[in-house]
Amino acid sequence: MKIYTRKGDKGQTGVFGGKRESKDSPRIECNGAIDEANATLGLLRSQLPIKHEWQKRMQIIQKDLMDMMSHLARPSVSKKENPNPKPIHGSAMCETWIDEIEAHMSSPSDYFLLPGGNLLSSLCHVFRTQIRRAERRLISLEKVDPDSVEDYAMAYLNRLSDLAFLWARRFMEKDKIQEERWQLFLYKRKKKHGE
């Protein structure tokens, strides 16, 4: 079977259940943003040793993102059920991982940071910003087809961006690279000034 079908040459693509949508529809934009983030996570994993302690969990996230995309590709009017699992526990997994990383960091996450530092940290920030874009596209999709967007998806993407921020910090700390701080988080600034 050939990889090309020519069916998308007019700017339409197939969605779950057999219907076709414009390639710039909120559904396709959302899935495209998640797909980009997943590709960046694959690039990040390729820069880690195969036996790195985070490889397995990062692979789980990649598979979860694929499952999430398959569900978001299904319009709520579709009669066909999606057999792929829903990654409903993804946000809890991220929270556990975040707590684990923070417990080993020498300083708390109090500051906005300038992205960069080293290759691994930079890739984490690229992934983080792509996940943030995916969140925004998910909101756009929810506005046009609310029944096709379940709560777990927004929570998972939200936690993933927080987790990626912590990954970046951990890679910097392990390489003993000084973080470039911009400013305190707003809630920290308010607490500092007694607001």
Side-chain angles (χ1 to χ4, degrees), residues 1 3-5 7-8 12-48 50 52-101 123-168:
M1 183 172 128
I3 193 168
Y4 60 86
T5 64
K7 291 180 181 177
Q12 298 270 313
T13 191
V15 295
F16 196 92
K19 293 195 174 195
R20 297 189 72 73
E21 286 191 19
S22 173
K23 288 186 177 184
D24 67 351
S25 74
R27 185 177 319 284
I28 306 308
E29 284 285 348
C30 180
N31 267 357
I34 296 171
D35 194 25
E36 285 179 45
N38 204 357
T40 299
L41 183 51
L43 178 58
L44 173 59
R45 287 185 62 212
S46 76
Q47 299 304 304
L48 296 176
I50 293 172
H52 192 278
E53 61 180 323
W54 291 357
Q55 280 282 11
K56 183 66 176 165
R57 285 185 282 184
M58 285 180 168
Q59 183 191 56
I60 290 169
I61 291 170
Q62 284 198 284
K63 289 179 177 180
D64 283 351
L65 291 176
M66 297 297 284
D67 286 328
M68 185 186 296
M69 284 190 292
S70 78
H71 284 281
L72 293 173
R74 180 186 178 273
S76 59
V77 297
S78 176
K79 302 265 192 278
K80 186 175 179 184
E81 288 301 318
N82 188 332
N84 293 320
K86 294 178 183 178
I88 58 174
H89 302 295
S91 60
M93 178 190 69
C94 290
E95 288 173 8
T96 299
W97 199 349
I98 287 168
D99 294 343
E100 177 188 309
I101 294 171
L123 286 171
C124 291
H125 283 294
V126 172
F127 175 69
R128 176 184 60 78
T129 59
Q130 289 172 334
I131 286 294
R132 286 291 190 206
R133 183 188 330 140
E135 279 188 280
R136 296 191 299 271
R137 298 299 178 264
L138 188 62
I139 292 168
S140 299
L141 173 57
E142 189 175 40
K143 287 177 180 176
V144 299
D145 190 2
D147 292 336
S148 71
V149 178
E150 296 187 49
D151 291 344
Y152 78 83
M154 185 62 75
Y156 197 170
L157 294 182
N158 198 344
R159 269 349 147 272
L160 266 180
S161 59
D162 295 333
L163 178 58
F165 180 76
L166 264 293
W167 287 344

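Side chains included, hydrogens not; waters and symmetry mates left out as well; all remaining heavy atoms used.
A search for side-chain hydrogen bond (donor to acceptor under 3.5 Å, both in side chains) contacts involving E135 returns R132, not counting sequence neighbours.
The backbone N or O of K86 lies less than 3.5 Å from no partner atom in the side chain of D67, so there is not a single donor-acceptor pair. Formation of a donor-acceptor pair under 3.5 Å by the S161 side chain with backbone atoms of N158 is found in this model. Proximity of a side-chain donor or acceptor of N82 to a complementary backbone N or O of S70 within less than 3.5 Å is detected.
Nearest heavy atom pair, residue A134 against residue A33, reads CA-CB, 3.6 Å. K23 and I28 make their closest contact through O-CG2, 3.3 Å (heavy atoms, listed as atom of the first residue, atom of the second, distance). H71 approaches P85 most closely through the heavy-atom pair NE2-O, 3.4 Å. The two residues T40 and L123 have their closest heavy-atom pair at CG2-O, 3.8 Å.
Note that NZ of K63 and CD1 of I61 are 12.5 Å apart. Values are rounded to the nearest 0.5 Å. Between the CZ atom of R27 and the CZ atom of R74 there is a distance of 9.5 Å, given to the nearest 0.5 Å. Remark: I101 CD1 to F165 CZ distance equals 11.5 Å, nearest 0.5 Å. Atom CH2 of residue W97 and atom CG of residue D162 lie 13.5 Å apart, to the nearest 0.5 angstrom. Atom-to-atom distance recorded for R136:CZ and L141:CG is 15.0 Å, nearest 0.5 angstrom. Distance check, rounded to the nearest 0.5 Å: SG of C124 to CG of L163 gives 8.5 Å.
Within 6.0 Å of NE2 on H52 lie more than 12 heavy atoms contributed by other residues, nucleotides or ligands. Heavy atoms of other residues, nucleotides or ligands lying less than 6.0 angstrom from CG of D99 number more than 12.
Within the 4.5 Å cutoff, side-chain heavy atoms of C94 are placed close to those of Y156. Contact of the L72 side chain with the I34 side chain is registered, since non-hydrogen atoms from C-beta on lie closer than 4.5 Å. D145 is not listed as a side-chain neighbour of V77, based on a closest heavy-atom distance of 4.5 Å or more. For the pair L44/F127, no side-chain contact is recorded, criterion being any heavy-atom separation below 4.5 Å from C-beta on. Using a 4.5 Å heavy-atom threshold, the side chains of L65 and L157 count as touching. With a 4.5 Å cut-off on side-chain heavy atoms, M154 and I139 count as touching.
Under 4.0 Å is where a charged nitrogen must lie from a carboxylate oxygen, and between E100 and R57 at least one such pair does.
Judged purely by distance below 3.5 Å, without hydrogens or angles, the side chains of R128 and H125 pair a donor atom with an acceptor atom.
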